[in-house]
2 protein chains.
Amino acid sequence: MRDLYHDQLDSVIADLVTMTHSVRDATRRATEALLTANAEVAESVISDDVKIDDWRTSIEDRSFGLLARQQPVAGDLRMLVAALRMVADLERMGDLAVHIAKVARLRYPDHALPSTAEPIIREMAEVAEIMVTSVSQIVANQDVAAAADLEREDEVMDRLRRAGFRTLLSDSWEHGVEPAIDVALLGRYYERIADHSVSMARRVIYLVTGEHPAAVS
Amino acid sequence: MRDLYHDQLDSVIADLVTMTHSVRDATRRATEALLTANAEVAESVISDDVKIDDWRTSIEDRSFGLLARQQPVAGDLRMLVAALRMVADLERMGDLAVHIAKVARLRYPDHALPSTAEPIIREMAEVAEIMVTSVSQIVANQDVAAAADLEREDEVMDRLRRAGFRTLLSDSWEHGVEPAIDVALLGRYYERIADHSVSMARRVIYLVTGEHPAAVS
């Protein structure tokens with residue numbers, strides 16, 4: 001019976017890592033839809049989100065079931081509580097990828113991004129994807145050192161966000177209000193994906209060390 | 001020993017309700033700072049956020065401690081898991097109030113909102129405040145019927161958001177890019193406060209009924 005329990009615990013972690021891969025793919029494809037004005041790819045990100053939501057329900061139900069039936073203590077308890085919270089982050093990251101895909105779909109067949117805004121959004125998308133990829137490894141390996149490193153990537157994201165605003169507000173911005181709002185919101189979505197990655201990394205730190213890192217604001 | 005345990009459980013719920021009141025106050029004061037261009041009030045929302053973060057840590061630590069020491073089952077287990085997730089919603093709502101206050105501070109001594117955008121943001125702020133107020137009662141009374149009603153308020157918020165975009169994108173918008181971005185992001189912040197309220201209401205439904213409501217997207 002104890003062995004079945006540990007198998008179930010391992011499968012919760014394994015599925016959390018798989019779910020993180022799905023979120024990374026959704027982010028990557030949403031970016032592709034945005035940068036290539038591809039409505040079909042945008043549509044697939046939007047319709048596939050239900051799979052990410054299903055992962056959430058499945059991982060939640062099993063984590064809760066293990067909490068209820070096995071009454072785990074110490075490390076296992078922390079792991080299950082961390083899993084319950086990381087699936088909430090992941091579900092939200094999936095929703096943010098959907099928001100990005102919806103901007104691409106709304107502007108199709110036009111490109112949502114004016115050429116002057118494309119480089120900065122492309123860079124933000126790359127940083128977000130790198131962070132989600134890192135976080136899947138951090139969760140898989142419970143890697144506290146890599147989790148602490150993720151904060152540095154997040155600083156890169158903050159710098160990009162500020163640079164994005166400078167582009168939108170410079171005198172040379174000649175695309176008007178609508179694309180400016182799109183770019184501002186897209187920047188926000190990528191920034192939030194990054195924030196949730198940091199939040200997940202911090203949950204791994206708590207899981208391994210038992211110490212609360214400071215809140216992400 | 002069982003009595004102390006139930007006292008501790010009750011105090012977790014009571015503090016969750018108090019934390020919800022703090023978040024409602026932060027939202028209300030952030031709106032006041034925005035609508036009256038009051039830098040002092042904006043500053044107080046920003047500096048007081050640490051108190052909301054402290055509530056999170058305190059409620060989290062005690063919930064986790066009760067999970068670890070008391071190994072609760074059924075309703076108590078669901079309650080503690082719900083509490084762990086609701087504090088995450090509340091902390092985030094506090095951060096969103098800070099974002100609103102920061103827009104007011106950034107534009108001070110000017111008003112961040114052009115007069116044409118003020119009515120819509122004022123309405124969004126009112127709906128957000130009503131929703132956070134409802135949610136504190138929903139949590140206090142574990143009121144499933146009121147929790148289900150909250151979805152209707154959220155539809156009002158969605159309509160206001162769309163109306164806001166129409167204002168920003170109409171030919172009569174003559175305030176340029178910067179205030180348009182401010183208004184779009186402020187609308188997003190209020191909408192997210194509303195989303196987190198719905199998310200908390202759904203956790204109360206789960207807590208009482210054991211049924212997962214569908215995800216908020």
Side-chain angles (χ1 to χ4, degrees), chain A residues 46 49-50 52-54 56-57 60-61 63-64 67-74 76-78 80-82 84-85 87-89 91-92 94-96 98-99 164-165 168-170 173-185 187-189 192 195 199 203 206 210 212 214-217, chain B residues 46 49-50 52-54 56-57 60-61 63-64 67-74 76-78 80-82 84-85 87-89 91-92 94-96 98-99 164-165 168-170 173-185 187-189 192 195 199 203 206 210 212 214-217:
Chain A
I46 296 162
D49 189 49
V50 68
I52 291 174
D53 293 346
D54 287 346
R56 177 198 74 119
T57 310
E60 259 186 10
D61 285 348
S63 298
F64 192 82
L67 280 175
R69 286 192 309 277
Q70 302 288 346
Q71 311 203 325
V73 292
D76 290 352
L77 174 61
R78 273 210 299 271
L80 288 167
V81 170
L84 280 168
R85 311 179 84 188
V87 289
D89 283 310
E91 188 201 352
R92 185 74 206 133
D95 291 342
L96 290 161
V98 167
H99 288 327
F165 277 120
L168 297 178
L169 301 176
S170 79
W173 181 263
E174 53 193 18
H175 310 285
V177 167
E178 187 167 283
I181 292 176
D182 280 350
V183 170
L185 290 175
R188 177 91 192 137
Y189 301 146
R192 289 298 301 152
D195 288 343
S199 160
R203 295 199 205 285
Y206 176 66
H212 277 296
V216 186
S217 69
Chain B
I46 296 162
D49 189 51
V50 69
I52 292 174
D53 294 345
D54 286 346
R56 177 196 74 118
T57 310
E60 258 184 10
D61 285 348
S63 299
F64 192 83
L67 280 175
R69 286 190 310 275
Q70 302 288 347
Q71 311 203 326
V73 292
D76 290 354
L77 175 61
R78 274 212 297 273
L80 287 167
V81 169
L84 280 167
R85 311 179 84 187
V87 289
D89 284 309
E91 187 200 352
R92 185 72 206 133
D95 291 342
L96 289 160
V98 166
H99 287 327
F165 277 121
L168 297 178
L169 301 176
S170 78
W173 180 262
E174 54 193 14
H175 310 284
V177 168
E178 187 167 282
I181 293 176
D182 280 349
V183 171
L185 289 175
R188 178 91 192 136
Y189 301 146
R192 289 299 301 152
D195 288 343
S199 161
R203 295 197 206 286
Y206 176 66
H212 277 295
V216 188
S217 68

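Just so you know, these numbers use all the heavy atoms, side chains as well, and skip hydrogens, waters and symmetry mates. Numbers restart at 1 for each chain; the letters A, B, ... are given by sequence-line order, proteins then strands.
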One should read off an interatomic distance between B:Gln70 CD and A:Gln71 CD, to the nearest 0.5 angstrom, of 11.0 Å

Contacting region of B:Arg69 [heavy-atom separation from chain A under 4.5 Å]
neither

Give me the atom names and distance for the closest heavy-atom approach of B:Ala180 to A:Val177.
CB-CG1, 3.6 Å

The reported gap from CZ in A:Arg188 to OH in B:Tyr189 (rounded to nearest 0.5 angstrom) is 4.5 Å

Check whether any side-chain heavy atom of A:Leu169 sits under 4.5 Å from a side-chain heavy atom of B:Ile181, and report yes or no.
yes

Flag side-chain contact, heavy atom, 4.5 Å: B:Leu84 against A:Leu84:
no

A side-chain contact here means heavy atoms from C-beta on lying under 4.5 Å apart; do A:Leu185 and B:Leu185 qualify?
yes

Among A:Asp61, A:Thr57, A:Val98, A:Val183, who wins on heavy-atom pairs under 4.5 Å with chain B?
A:Asp61

Interatomic distance, A:Asp195 atom CG to B:Arg92 atom CZ [nearest 0.5 angstrom]:
6.5 Å

